[in-house]
Asks: 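Before we start, here is the structure in question, set down as structure tokens.
This structure is a prediction, so every number in the text was calculated from the model and none was measured.
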Amino acid sequence: MRHPSIESAQTAGAAVSTSIEQWGKVSANNSAEFPRRYSEWLNALRRHELLPIERLLPTITIPDCGTIPPAMQRVSETPLDPQLLAAIRGYKWGYYFHLGDGQSTLGEEKNETAAQRTSRQRTLYRMNAINGAIAALYGGELKGKRVTDLACNHGAFSLDLIARGAAAARGVDIRPENIEKAKLLARRTRIEEAEFAQADIYDETGQSEIVLCLGLMYHVTKQYELIELCHGLCTEISVIDTITHKEPFSGFVLGLGGLIPQVHAAGTINVELHPTYRGLIDLMRAVGFREIVEVEGVPDPSWTNWDSDVYAVKTRRCLIGLK
């Protein structure tokens with residue numbers, strides 16, 4: 001069987017134009033070219049002021065997002081068990097969680113590096129802003145509310161919502177080590193109402209009032225199915241926190257190859273689709289959310305490089321869909 005080719009078309013007498021730029025040919029050997037090519041477009045948009053920060057939704061703003069969240073406050077009630085600390089130190093942690101006694105998941109707090117300080121400040125910002133907004137939507141009362149945490153990583157957001165009054169949480173993650181980390185933090189915070197299980201998020205079926213989808217959407221290729229899943233699993237609200245590109249169209253931007261390291265927070269394959277801000281809003285409306293609000297927080301005043309953070313420049317945003 002003859003396979004189709006450009007050469008075959010030419011042999012058959014067809015006219016083939018070859019005056020094209022080979023934009024799309026990105027392989028394992030030249031994947032480093034991809035961000036350069038993409039940045040050419042972005043820089044052109046910036047020059048023509050076509051990348052504004054759009055605000056298309058009602059916004060909930062949470063004050064004092066540099067404070068220690070309730071789940072982390074709980075650790076001050078009991079001394080840190082050396083054996084538990086040793087178990088925690090057995091894992092590599094990508095995110096900050098205060099453990100008490102001068103320790104965090106990133107190491108001794110008195111010796112934190114500049115990168116660890118930024119990680120701490122961003123973690124405190126995210127947890128206070130997101131969970132604070134959830135609580136605010138319920139008038140500060142989460143009693144009886146159940147949480148489903150998709151791709152929960154180390155489970156900190158679920159634990160914090162329970163510390164804020166939620167009745168129970170189920171966190172699922174495809175990576176076994178993330179589930180073990182979540183269980184360690186549950187032990188440290190003495191929170192027994194959280195269940196953590198290794199599972200594929202697309203296999204989840206049980207409903208809860210609150211569904212969390214934090215830092216997941218840009219790690220998958222089935223965007224519609226993911227947001228549809230969030231809508232189906234929640235009975236009241238679903239929280240989508242994700243990278244959001246600022247290009248003024250409703251769609252997705254490709255990420256691929258060596259640009260996506262396979263670490264604790266990566267997806268299962270090395271191809272991703274990142275939503276634009278407009279694309280995320282349209283997708284949430286398409287699956288049936290009746291109302292969408294955006295979440296912002298007031299960062300720690302000591303966060304010196306806040307102005308360049310992804311949340312400040314709006315290349316990452318958090319939206320809550322109300323069912």
Asks: Does either side chain, that of Y125 or that of E296, offer a donor lying less than 3.5 Å from an acceptor on the other one?
Replies: no
Asks: For R170, check salt bridge (charged side-chain N to carboxylate O under 4.0 Å, His left out) against everything at least two apart and list the hits.
Replies: E195, E204
Asks: Apply salt bridge (charged side-chain N to carboxylate O under 4.0 Å, His left out) to E247 and list each qualifying residue two or more places apart in sequence or on a separate chain.
Replies: none
Asks: So, for F252 and H274, is the gap between ring centers shorter than 6.0 Å?
Replies: no
Asks: For residues H98 and Q103, is any side-chain donor paired with an opposing acceptor at under 3.5 Å?
Replies: no
Asks: Regarding R317 and the six-membered ring of Y311, is the cationic atom NZ or CZ under 6.0 Å from the ring centre and inside 45° of its axis?
Replies: no
Asks: Please examine the side chains of F249 and T276, heavy atoms only from C-beta on, and report whether any two atoms are closer than 4.5 Å.
Replies: yes
Asks: Hey, are Y96 and E112 close enough side-chain-wise for a donor-acceptor pair under 3.5 Å?
Replies: no
Asks: For W303, which residues count as a ring-ring contact (aromatic ring centres under 6.0 Å, His included) partner, sequence neighbours excluded?
Replies: W306
Asks: Would the H154 and Y95 ring centres measure less than 6.0 Å apart?
Replies: yes
Asks: Testing the 3.5 Å rule here: is there a donor-acceptor pair between the side chains of R146 and T235?
Replies: no
Asks: Would you say that R74 contacts I191 through its side chain, given a criterion of any heavy-atom pair below 4.5 Å between the two side chains?
Replies: yes
